[in-house]
Amino acid sequence: MSAYKILLADDELALRFLLTETLSDEGYEITEVEDGQQAIEQLEQETFHLIILDYMMPERTGVEVCEWLRQSDNANRDLPVILLTAKALDKDKEKAKAAGVTTYIVKPFSPLQLLDTVGQLLQS
């Protein structure tokens, strides 16, 4: 069986590196992009099993990417979406949920917490 493919969109290079290393070590195949527009372009070119988006990114936010995805006829439309964010206010969580985000992880977080969440979403 081929590895699960994950799209990781985050504008912070150090965090992308850490998450890519952590997820790759577990056998996941990671495609990295650094902003929301690149995430959309990647989603239009390739199919994935899971999407990890940062909330605050240049070009388009993670919420905007998720809204676009859920309203499109894209092959990735129904995938689980994890939103990484430092925005922990209820209004931000509600905005994310309305956009179709599956799970919300507040920064700072443990890479092991992310691994657990990824594993749970891919099993369900």
Side-chain angles (χ1 to χ4, degrees):
M1 187 186 122
S2 64
Y4 284 112
K5 290 171 57 176
I6 298 175
L7 176 64
L8 171 61
D10 197 308
D11 58 327
E12 199 177 316
L13 181 62
L15 183 61
R16 267 200 333 268
F17 177 78
L18 173 67
L19 297 182
T20 296
E21 289 299 303
T22 302
L23 292 163
S24 296
D25 285 351
E26 294 299 314
Y28 297 113
E29 188 181 314
I30 310 303
T31 300
E32 290 182 41
V33 296
E34 60 190 48
D35 68 46
Q37 187 58 43
Q38 288 178 5
I40 288 173
E41 290 164 10
Q42 205 62 50
L43 288 163
E44 288 176 324
Q45 293 170 21
E46 214 176 323
T47 55
F48 295 90
H49 295 97
L50 181 95
I51 303 164
I52 301 172
L53 301 171
D54 183 28
Y55 194 128
M56 300 303 294
M57 291 185 288
E59 305 304 325
R60 296 206 191 192
T61 67
V63 168
E64 290 169 342
V65 172
C66 193
E67 281 174 340
W68 168 84
L69 182 64
R70 298 300 190 221
Q71 293 167 6
S72 73
D73 58 1
N74 188 284
N76 296 297
R77 175 184 183 166
D78 297 321
L79 293 184
V81 174
I82 298 173
L83 189 71
L84 307 177
T85 182
K87 294 170 124 300
L89 298 176
D90 284 343
K91 68 176 185 160
D92 297 314
K93 288 181 181 174
E94 288 163 20
K95 193 173 177 182
K97 199 172 190 91
V101 168
T102 313
T103 304
Y104 196 91
I105 297 180
V106 178
K107 295 177 184 176
F109 59 89
S110 148
L112 296 176
Q113 176 192 2
L114 179 68
L115 270 181
D116 286 347
T117 303
V118 166
Q120 289 167 4
L121 289 172
L122 289 172
Q123 295 312 311
S124 57

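Nothing here was measured: the structure is a model prediction, and the numbers come from that model.
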**Message:** Check for me, please, whether Val106 and Leu19 land in the same ILVMFWY cluster - side-chain distances under 4.5 Å, paths through other members count.
**Reply:** no
Check: residues 113-124 side-chain donor-acceptor pairs under 3.5 Å, at least two apart:
residue, atom, partner, partner atom, Å
Thr117, OG1, Gln113, O, 3.0
Ser124, OG, Gln120, O, 3.3
Ser124, OG, Leu121, O, 3.1

**Asked** Can you list every pair that meets side chain to side chain donor-acceptor pair (under 3.5 Å) and has a residue in residues 71-85, with sequence neighbours left out?
**Response** Asn74-Asn76
**Prompt:** Gln38 side chain to Glu34 main-chain N or O, any donor-acceptor pair under 3.5 Å?
**Reply:** yes
**Asked** Around Phe17, counting heavy atoms of other residues, nucleotides and ligands shown, do more than 12 lie under 6.0 Å from its CZ?
**Response** no
**Asked** Would you say the side chain of Pro111 lies within less than 4.5 Å of the side chain of Leu18, judging by non-hydrogen atoms?
**Response** yes
Which pairs of donor and acceptor atoms, one on a side chain in residues 51-62, lie under 3.5 Å apart (sequence neighbours left out)?
residue, atom, partner, partner atom, Å
Asp54, OD1, Lys107, NZ, 2.9
Arg60, NE, Gln37, OE1, 3.2
Thr61, OG1, Val63, N, 3.4
Thr61, OG1, Glu64, N, 3.0

**Request:** Return the set of residues passing salt bridge (charged side-chain N to carboxylate O under 4.0 Å, His left out) with Glu41 (not counting sequence neighbours), or none when no residue passes.
**Result:** none
**Message:** So, taking the atom named OH in Tyr104 and the one named CG in Leu84, what distance separates them when rounded to the nearest 0.5 Å?
**Reply:** 10.5 Å
**Asked** According to the interplanar angle, ranging from 0 to 90°, do the rings of His49 and Tyr4 count as parallel (below 30°), tilted (30 to 60°) or perpendicular (above 60°)?
**Response** perpendicular
**Prompt:** Is it true that Leu43 and Leu50 fall in one hydrophobic cluster, defined by side-chain heavy atoms closer than 4.5 Å?
**Reply:** no
**Asked** Under a single-linkage definition using a 4.5 Å side-chain heavy-atom cutoff for Ile, Leu, Val, Met, Phe, Trp and Tyr, are Phe48 and Val65 assigned to the same hydrophobic cluster?
**Response** yes
**Item:** Hphob cluster co-occupancy, Leu112 + Phe109, side-chain heavy atoms under 4.5 angstrom
**Value:** yes
**Prompt:** How long is the gap from CG on Leu7 to OG1 on Thr47, to the nearest 0.5 Å?
**Reply:** 11.5 Å
**Message:** Tell me whether the count of non-hydrogen atoms from other residues, nucleotides or ligands lying under 6.0 Å of NZ in Lys5 goes above 12.
**Reply:** yes
**Fill in**
By salt bridge (charged side-chain N to carboxylate O under 4.0 Å, His left out), Lys87 pairs with (sequence neighbours left out) Asp92
**Prompt:** Do Leu83 and Ile30 sit in the same hydrophobic cluster, where Ile, Leu, Val, Met, Phe, Trp and Tyr count as joined when their side-chain heavy atoms come under 4.5 Å apart?
**Reply:** no
**Complete:** Shortest non-hydrogen pair, Gly100 vs Arg70, comes out as O-NH2, 2.9 Å
**Minimum heavy-atom distance Ala99-Cys66, with the two atoms named** = O-SG, 3.5 Å
**Message:** The criterion is salt bridge (charged side-chain N to carboxylate O under 4.0 Å, His left out); which residues satisfy it with Glu32, sequence neighbours excluded?
**Reply:** Arg16
